[in-house]
2 protein chains.
Amino acid sequence: MSNPNPTVPQISDAEWTVMRVFWDRGDSSTGDVIDALQSRTDWNPKTVQTLIRRLHKKGALEVAAKNGREFVYRPTVAENDCEHAASQSFLGRVFDGKLTPFLANFVENEAVSKEEIDELRRLLDRAAADHQEPEEQAS
Amino acid sequence: MSNPNPTVPQISDAEWTVMRVFWDRGDSSTGDVIDALQSRTDWNPKTVQTLIRRLHKKGALEVAAKNGREFVYRPTVAENDCEHAASQSFLGRVFDGKLTPFLANFVENEAVSKEEIDELRRLLDRAAADHQEPEEQAS
DNA sequence: TCTGAAAAATTACACTTGTAATCTTTAAGA
DNA sequence: TCTTAAAGATTACAAGTGTAATTTTTCAGA
């Protein structure tokens, strides 16, 4: 867990795509992000610029440096934390905040393969083991 | 599974609240919904009317009857299907469509209790069993 | 030092959403 | 039948979002 109860800004759909570039690459200039997204999207560079500026305004990005006339940005929020905040928000909206109904719905809709089920079970087995013997203190 | 690959309209946050009333109560008039939401929200009746009209326009509700000058509406989409569509959309946006990373993030963030873990494991055990011996045909 | 290209800032514009207020129609009772 | 309250329809309006175009600033080279 990167930070307990971090406050993360609202990040829209298109903005998520941009944030992921930063989380993948670390500090990046607008040009870097435009280049990175060139292959994955058909966005106009101006669009990417706008999204970066909005993310900066929202406080999801901060200026890490200025290279000549170019800004280098860096995320102020951890990917983990944003994912978790988005998950909580989604679960709250659709499943009354509860994880089990979410997974039950997925399973009912036959949207989970045998392999995935096994993967999830292993994940939960490990989690259960961790709950058994609590995390040790690194002191 | 109510319907394979149903097409469900985009349902916004506030609209979810309204749809849930219909899913809970079945066919309902605007007045019914307003009454039902009176306790749970502080929405103005006009707001509820607007949301119902938007849902009707989107095709999420259809007119089931007309009582005097009052319409009775009914959902055209199953709660299950809407939940699943919302889940797919969320997972696609935040976790590249993958369930395992979603759950892993949740567990990492210590947002899952021991009891919940056990519940989820039971759920997955049943799902695994179903995968073992496929569903029988009701003929 | 002046200029032009590149970066950034400002402006644009339609659609959705939250949250109603106002205008219009209609049914039911006086 | 006429009136009026209650439904419904239309309109409102700001914030957020997708998707840029236009305008302004500024560095780097001629």
Side-chain angles (χ1 to χ4, degrees), chain A residues 8-22 27-38 40-74 82 85-86 89-90 92-94, chain B residues 8-22 27-38 40-74 82 85-86 89-90 92-94:
Chain A
V8 308
Q10 287 303 320
I11 294 176
S12 81
D13 204 336
E15 287 166 358
W16 264 96
T17 302
V18 170
M19 285 305 286
R20 237 186 296 268
V21 174
F22 282 100
D27 295 11
S28 306
S29 70
T30 302
D32 293 336
V33 178
I34 288 171
D35 290 348
L37 288 176
Q38 208 72 70
R40 269 171 275 173
T41 72
D42 58 351
W43 291 348
N44 189 297
K46 294 299 184 185
T47 298
V48 179
Q49 263 181 353
T50 298
L51 291 170
I52 289 176
R53 250 182 330 88
R54 286 184 184 167
L55 284 165
H56 181 219
K57 191 173 176 195
K58 286 184 182 186
L61 293 176
E62 65 187 5
V63 173
K66 192 167 184 185
N67 277 355
R69 65 191 138 176
E70 199 177 48
F71 288 115
V72 174
Y73 295 96
R74 139 188 328 158
C82 286
S89 159
F90 160 72
R93 191 154 32 89
V94 179
Chain B
V8 309
Q10 286 304 320
I11 295 176
S12 82
D13 204 334
E15 287 166 357
W16 264 97
T17 302
V18 171
M19 285 304 286
R20 238 185 294 267
V21 175
F22 282 100
D27 296 11
S28 305
S29 70
T30 302
D32 294 336
V33 178
I34 288 172
D35 291 349
L37 290 176
Q38 208 72 70
R40 271 171 270 173
T41 71
D42 59 351
W43 291 348
N44 189 296
K46 293 300 184 183
T47 299
V48 179
Q49 264 182 351
T50 298
L51 292 171
I52 289 176
R53 250 183 331 88
R54 285 184 184 167
L55 284 165
H56 181 219
K57 191 173 175 194
K58 286 183 181 187
L61 294 176
E62 66 188 4
V63 174
K66 192 166 182 184
N67 277 353
R69 63 189 142 181
E70 200 177 47
F71 287 115
V72 175
Y73 295 95
R74 141 187 325 159
C82 286
S89 158
F90 160 72
R93 187 154 35 87
V94 179

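Residue numbering restarts at 1 for every chain, and letters A, B, ... go by the order of the sequence lines.
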Determine: side-chain N/O of A/W43 to OP1/OP2 of D/dT19, distance under 4.0 Å, yes or no.
-> yes

With a 3.5 Å cut-off and just heavy-atom distances, do the side chain of B/K46 and the base of C/dT22 make a donor-acceptor pair?
-> yes

Under 4.0 angstrom, heavy atoms only, what part of the nucleic acid is A/S12 near: base, sugar-phosphate, or nothing?
-> sugar-phosphate

Sugar-phosphate, base or nothing in reach of B/Q10, heavy atoms under 4.0 Å = nothing

A/D32 CG to A/L37 CG distance, which is reported to the nearest 0.5 Å = 11.0 Å

Go through the N and O atoms of the side chain of A/T50 and the base of D/dA20, and report whether any donor-acceptor pair is under 3.5 Å.
-> yes

Could you check B/F71 against A/D42 and say which one's nearest nucleotide on DNA chain D is further toward the 5' end?
-> B/F71

Distance-only, no hydrogens or angles: does the A/T50 side chain make a donor-acceptor pair with backbone N or O of A/K46 under 3.5 Å?
-> yes

Taking the side chain as every heavy atom from C-beta outward, state whether A/M19 and A/L61 have any atom pair closer than 4.5 Å.
-> yes

Round to a whole Å and report the spacing from CD of B/Q49 to C1' of C/dT19.
-> 13 Å

Specify the separation, in whole Å, of atom CD1 of A/I52 and atom P of C/dA9.
-> 11 Å

Whether B/R93 side chain and A/T17 backbone form a donor-acceptor pair below 3.5 Å = no

Among the nucleotides D/dA7, D/dT19, C/dA20, whichever has the atom closest to the side chain of B/T47 is C/dA20

Would one find more than 12 heavy atoms of other residues, nucleotides or ligands at under 6.0 Å from atom CD of B/Q10?
-> no

Distance, rounded to the nearest Å, where A/L37 contributes CG and D/dT19 contributes P | 13 Å

Hey, mind stepping through A/L51 and A/W43 against side-chain contact (heavy atoms from CB on, under 4.5 Å) and telling me if it holds?
-> CA-CA 11 Å; A/L51 291 170; A/W43 291 348; 3.7 Å; yes

Assign B/K58 to base, sugar-phosphate, or nothing according to its heavy-atom contacts below 4.0 angstrom with the strands shown.
-> sugar-phosphate

How do B/K66 and A/L51 order along DNA chain D: which one's closest nucleotide is nearer the 5' end?
-> B/K66

How are the rings of A/Y73 and A/F22 set relative to one another: parallel (under 30°), tilted (30 to 60°) or perpendicular (over 60°)?
-> perpendicular

Please state how far atom CG in B/D32 lies from atom C1' in D/dA7, giving the value in whole angstrom units.
-> 13 Å

Separation of D/dT17 atom P from A/M19 atom CE, nearest Å, is 14 Å

Closest nucleotide among C/dA7, C/dT17, D/dG8 to the B/E70 side chain | D/dG8

Nearest-nucleotide pick for A/R54, side chain only, options being D/dA7, D/dT17, D/dA12 = D/dT17

Starting at atom CZ of A/R53, determine the distance to atom C1' of D/dG16, rounded to an integer number of angstrom.
-> 15 Å

Rounded to the nearest angstrom, tell me the gap between atom CG in B/L55 and atom P in C/dT19.
-> 14 Å

Net bend of the helix from C/dT1-D/dA30 to C/dA30-D/dT1, end axes of five pairs each, nearest 10 degrees = 30°

Should A/S29 and A/N67 count as side-chain neighbours, where that means a heavy-atom distance under 4.5 Å?
-> no

Examine the base of C/dA6 for any acceptor or donor lying under 3.5 Å from a partner atom in the side chain of A/R69, and report the outcome as yes or no.
-> yes

Distance in angstrom units between B/N44 CG and D/dA12 P, rounded = 18 Å

